[in-house]
Amino acid sequence: MEVIKTDFILNTVRRMENDQSKEFSFGDKKSLVEKLAIAFINPKDFDKLNLSSKPNLKISSNFGIIIVKGIADEDVPEGTVLMPISIWSNQITGVENSELRYKNMRVDVDITEEKINDLNSLINKIKEA
Amino acid sequence: MSKLIVKNGIVFDPINKIEGEIKDILIENGKIVERFSNQSDIKEINAKNKTVIPSAIDIHSHIASQQTNWLRLLGSKHKSFQEYWNNLSLEYIAKAYISNGYTFILEANVYPSLSKQTMFNFTQLPVLDKAMLLNVSNIWALELEYQREMVNEASTFLSDLLLKTKGFGFKVYNPFEAENWNFQKLRNDLTNKGRLFNFSPIDVYEKMTKYNEALGLPHSVHVHVEGYEQSYAEENLKLILHKIKSLNLISSKSNLNINRSQIFHLAHASSYNIDGDNSGLIKFYNDNQEFDLDLGFMGFDPINPLITSDRRLINSLIAAESPFKVITTAVESEGDTFSTLRIFNKQNETDCILWANSLDLALNIKNMWQMQLSINFPNYSHINKIPEIATLLLSSNARKKFLENLNKEFVRNNKLINNNKELTFYDFIILTRSSPAKSLGIGTVKGNLGKNADGDLNILNINIDEIDTSKDIEKIKNSLKSIEYVIKEGKIIKKDDSIDITPNGKIFWSSGTFEYEDKKLIMNRKKDFYQKYYSIFYDSLNTSIGNEFLREFN
Amino acid sequence: MKRSVCSGCSLLCDDIMVKSDGIYIDEVFGACLKGKEKFDQVTSQNRILSPLIRKDDTLQKASWDEALQRTVDLIKKSKKPLIYGLSNSSCEAQLKGIELAKLINGFIDSNASICQGKVLDNAVNSGITLTTITEIINKADLILLWGSNAAESIPRLLNKVLFSRGKFRMTGREIKTLIIIDPVKTASFNTMGVRDVALRITPGKDIELIKVLKEECCAADSIPSEGVAGLDKDDMKRLLQHLSGAEYGVIFVGQGLLTPQKNSNLINELLELVQMINIKQERGRITLAMMGGHFNMNGFDHVALSMYGKRGNLHFKDNQILETDENIISKIENEDFDCSIFIGTDPISHFPMSLSSKLAKKPIILIDNRNSATLQLASIVLPTTITGIECSGLAYRLDHIPIELKKIINPPSKIPTDEEILNQIIQKLKSDGGN
Amino acid sequence: MELYKYLPKTNCKLCGKTCMAFALDLLQGKVKADDCPPLLEPKYKKQYETLKELLGSEEGVEKELRINVDTDLCDGCGICVTICPVNARYCPPSLSGKAPDYPPEKHQLFQVKGGKCELLELKYCRRIEAEGRERECRVCETYCPREAVKIEYV
């Protein structure tokens, strides 16, 4: 299948149900992945990317790459990816001029069959970096 | 227990009518005593040929409210502010006050909703004793009580408010100014009813004076008249003074030994006569002993922070294209405030007139006990200017010298240069020590070196008897600039250059002596009001400050 | 059944009712889900109940004395310690935090600096008009949510400011206009009525909108006919009409406005716009309110201001405060630290990967009450009480009104408060002979 | 103008007015849905039922009012508590957006318990006890940010 690469704007948000600081639970890493390793996109983009064919989104910015689950959400405007603020979205946010950049960033979005990064791998990545 | 004797000092203690007597002062357990309970462990300070005076009291300052924090924020980008005011940090304020001989400060403008912040700051403000006045002139919960005279209701509520917030008294300041939601349209006449309320500002001044006396608070109502530093102020002030006079009230505390005789305290009185003619005000004060005022000296500092609720002043400052920005806050329907920075200029005629007004009042009002020296810290001056201000009061030569650097136009027009009157050192002690204590109603323990008073005193390295206070101005200035000892409750707080800021000061508070049988009913009504219109419950105003910080005073 | 204060977010609702026997919390009335979750933390399996020390790359339980000693040893070795957090602590603890920073020549800052504190920083340059909630309840007729999803970040905010019936706004919701400027259709959009205005702005274009509004404020008709930032001309006109026609408008500044956009100072522009409208306005005024996330976001600002005249970024050296342009981000970015102390915060979850990895290289001391991503990397973990439930203290509401938090229950197994922990560290450092 | 959507929109004037005018009268309770003859035809059956549901059960007791609060969605913001006109009349704190006292007032419809909205006494709801236009009240449903409150007739 043809790979579609599209320019998107990334926005990070804190929604009631995806607040990492509350959700974090050592014993239940699965629910953490379910609630945080996700990205919302407009259904039209969802179709355009043919996301139903492959399960996951690969989002890459100047600062890094992350693989998360894509979810269609009508409330998100076209051309925007919305991610809950968490250790997952932190992989692609960064620092510019000593200020945090975590909203309105240009990102590339791609579909992929690669697995979603789990928490331990991200923690290890931080440790080893 | 701790005992301290200050031996052979030349004592000035106006409350006890002591003027330059050589005397020992004995302090045991923080209080002045006639003789010690036993003769062991007595610390002795030899004050021979030195002058012993009570510690000074500031009756009007803005040092621990939320607005002071906005000043600090604004100042954080101005180098001159940081250098001259040292960021206005609490520790710096305390040290500056102590080094000028002060041990009691009154924070004159606190909104009840923000009183917890002031209390918290008070606990961080070392050594100094302090108290705060609540600004209630805009509180909606008193709407009915301002419309009609309801002494029982108002006094019950106000008393409870003081009990909850641990306030000391009340300030009235621009009543119902908050009704003007915008910045431009302002009321011209104090007798006009409010846009949204069925009463006028003058009603608030009148009712609050009555309620304050009904409550029997140590201090009288503390008043600021709107439109200060503007031409409106003079008319407004006249209107208020005559209105209060027509009430024929007497001070509820006049039965005490060291009483407060005033029913009305006017804050920074220098700022109401922008034309420089104070004769009307002086005549009124000479004729009416039940009023008093503080002088509001201006010090021409490099930069001055300004906290005010006066829109007119702020509008005029903005109109003059000030380089300084304004932080405007509206507090819980209790009033609006503005915080900004400003510069007083010796070459500006208006600024010079304001400066001269204080001196004019101080020299021409006959009764020293009717006046207190204040600098509206930090609005008008830095506390470090006190020695200089002292010389201006004590010496006409010093005054003339100071005038040389002021605006020429001002010097030509002002009568001050022809006034050769000079205050005595004793007068100066009244203005800075005894009179503020009396006006605040704390004369029994502060500003007083008699038996049972707090052991708060200064020792100046100068023999007042041997110098001419109007000639040796440098000596006077130096002795006040570097006070040798500052003693608070028997502890040496300052000796020469070292200042000890470890002891805690006390927060003075009072809820008055008013009792009413239906208190519960009235309070329930007020609580309902809060429940309906306020973002917090009335009970949430309750402050749980530790008892070790508090000192009740009735 | 006792009335208490909720420390779930910076709204600090004082109207919640808590049913408790002093040991457990049985039921909470009036608090929103966010508040309820705060109460649930007390018995959450996420709770840390014992000090932890990293040994052989795993966190192991330790005695309090051992953990404290290790903490002090670490701090003593450190030349450039970093203290960060404290927005979930009481003002009393924040005071102790600053005292500790002073003692150890450290750099201290709170979460506010990367959040709402930026608005105050800009107020120094352009002035600001602030307001409080009682004012909004009774006077406001225009509520503008700009880049903020109030309905989810501070659930009860709209309830209090938009749906309440104030003294001069007796008809409540009917008389208040709600404007939302947000690229995403958030839950707050559902609270809109027919007369309200929803502006789905193009992401990252807020600055263009503000600039055009500023021009329009000076000279009429400078709105380009094709519209700006994804909004058409009519939308812009309506927005401006509402802003300049409101008797008492309040703009809630959300996270969406706080991130830098195209190297321009967006907040400064916004503040200038508000000042311009206010000077032109004849009927009313526009005010600003900030929406902090943590319950005591504003507290640190006030404590630091009254102690040192600075809002944040306090850098101590030899008991003196240093002038510094650095902030917590630049400190970490430049690796200008050798040990970090986090109090009640979870930076690994909030900071980008580039910063997290730098933090992980140096020892981390964590003072917190729950498991977090930061805990996975910490060298020492000191458990603490939940302020507002297990200990009392002063906090500042989002509109800078001080509110006293109340203690409802005793903490489990005598865990100390933030204030006590910091004090213990300070005392131990002092008795061990400083750093 | 939700009601207009469900009318036949034929402008047949059998009721004596246009469909739009009829919808307005319907809203004000001047006419009943049954006053529109075409609406009673079988092809409009579904619209007729929806309309009846929207208008409430003023004409009979065949359907019972339910207010469902989806506790999965609800975040306890308390907007329904504040906005409900019945609550506002009997609980003064809710005027300023505060949570009502506990135990709840007799007439109180909603309270927030454990971070979720809870329906207390449906029988005081305006849709049951009020007259005229007030019967059309559905503010709790309209303004719920999480769309958790649903007014239904079953």
Side-chain angles (χ1 to χ4, degrees), chain A residues 8-28 32 36 40 42 61 63-64 66 73-77 79-82 85-106 119-120 122-129, chain C residues 33-34 37-38 41 44-46 114 118 147 149 151-153 155 183-187 189 200 202-206 230 255-256 258-263 293 325-327 329-334 345-346 348-361 370-373 375-377:
Chain A
F8 275 83
I9 300 275
L10 171 81
N11 243 321
T12 52
V13 291
R14 223 180 264 276
R15 284 188 173 178
M16 198 87 181
E17 59 271 22
N18 337 93
D19 196 340
Q20 164 153 18
S21 46
K22 276 190 314 236
E23 298 294 341
F24 202 99
S25 164
F26 210 23
D28 192 12
L32 210 58
L36 297 168
F40 301 100
N42 192 283
S61 74
F63 302 107
I66 186 74
D73 188 336
E74 274 186 6
D75 296 339
V76 182
T80 298
V81 205
L82 214 62
I85 294 175
S86 74
I87 200 161
W88 279 272
S89 69
N90 286 345
Q91 304 295 317
I92 48 172
T93 59
V95 179
E96 260 176 29
N97 304 325
S98 298
E99 291 208 66
L100 297 182
R101 277 290 262 148
Y102 55 99
K103 276 184 193 269
N104 305 324
M105 306 167 52
R106 290 185 67 80
L119 184 70
N120 279 355
L122 292 177
I123 298 265
N124 285 334
K125 208 171 144 197
I126 291 174
K127 274 187 194 168
E128 284 150 19
Chain C
L33 195 58
K34 222 171 163 168
E37 279 169 1
K38 178 103 187 180
Q41 273 178 32
S44 151
Q45 54 163 339
N46 262 348
I114 58 165
K118 288 184 191 168
N149 180 9
E152 289 191 83
S153 55
V184 182
K185 186 173 174 287
T186 59
F189 279 68
R200 296 280 297 271
T202 314
K205 301 280 186 188
D206 305 76
Q255 275 293 338
L258 296 173
T259 40
Q261 292 184 3
K262 278 191 186 164
N263 298 328
D325 290 331
E326 287 198 89
N327 58 29
I329 308 294
S330 67
K331 275 270 176 192
I332 302 173
E333 204 185 2
N334 303 331
T345 188
D346 180 14
I348 304 295
S349 291
H350 301 147
F351 285 165
M353 175 71 187
S354 55
L355 298 183
S356 307
S357 55
K358 282 170 183 167
L359 283 174
K361 283 185 204 161
R370 62 183 171 197
N371 194 347
S372 66
L375 183 130
Q376 313 296 314
L377 298 167

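Source: prediction; values computed, not measured. Here is how names work: the chains are called A, B, and so on, in the same order as the sequence lines, proteins then strands, and each is numbered from 1.
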So, taking the atom named CD1 in A:Ile126 and the one named NZ in C:Lys361, what distance separates them when rounded to the nearest 0.5 Å? 12.5 Å
Can you name the side-chain hydrogen bond (donor to acceptor under 3.5 Å, both in side chains) partners of A:Asn42, sequence neighbours left out? none
So, for C:Ser330 and A:Ser98, which heavy atoms are closest and what is the spacing to 0.1 Å? CB-OG, 3.3 Å
Please state whether the side chain, the backbone, both or neither of C:Gln255 comes within less than 4.5 Å of a heavy atom of chain A. both
So which of A:Leu122, A:Val95, A:Val76 has the largest heavy-atom pair count under 4.5 angstrom toward chain C? A:Val95
How many angstroms lie between atom CG of A:Asn120 and atom CD of C:Gln376, to the nearest 0.5 angstrom? 7.5 Å
Surrounding CD of A:Glu128 (heavy atoms of other residues, nucleotides or ligands, distance under 6.0 Å), is the total greater than 12? yes
Restricting to non-hydrogen atoms, name the atom on C:Ser349 and the atom on A:Ile85 that form the minimum distance, rounded to 0.1 Å. O-CG2, 4.0 Å
So A:Leu100 and C:Leu355, side-chain contact (heavy atoms from CB on, under 4.5 Å) or not? Walk me through it. CA-CA 10 Å; A:Leu100 297 182; C:Leu355 298 183; 3.8 Å; yes
Turns out that what part of C:Lys358 lies under 4.5 Å from chain A's heavy atoms comes down to neither
Side chain, backbone, both or neither: which part of C:Asn327 has a non-hydrogen atom closer than 4.5 Å to chain A? side chain
Cut-off 4.5 Å, heavy atoms of chain A, and the answer for C:Phe189 is neither
Under 4.5 Å from a heavy atom of chain A, the part of C:Leu359 involved: neither
A:Asn90 side-chain N/O to C:Met353 backbone N/O, donor-acceptor pair under 3.5 Å: no
Just do the side-chain contact (heavy atoms from CB on, under 4.5 Å) check on C:Ile329 and A:Glu99 with the steps written out, would you? CA-CA 7 Å; C:Ile329 308 294; A:Glu99 291 208 66; over 6 Å; no
Max heavy-atom pairs within cutoff under 4.5 Å with chain C, candidates A:Glu74, A:Met105, A:Gln91, goes to A:Gln91
Quick check for you: to the nearest 0.5 Å, what is the distance between A:Ile123 atom CD1 and C:Ile348 atom CD1? 7.5 Å
Side chain proximity check, C:Asn149 to A:Val13, heavy atoms < 4.5 angstrom: no
Assert top hit (heavy-atom pairs under 4.5 Å, partner chain A, pool C:Ala151, C:Ser354, C:Gly230, C:Ser356) equals C:Ser356
If you compare all heavy atoms of A:Ile9 against all heavy atoms of C:Pro203, which two are closest, and at what distance to 0.1 Å? CG2-CB, 3.8 Å
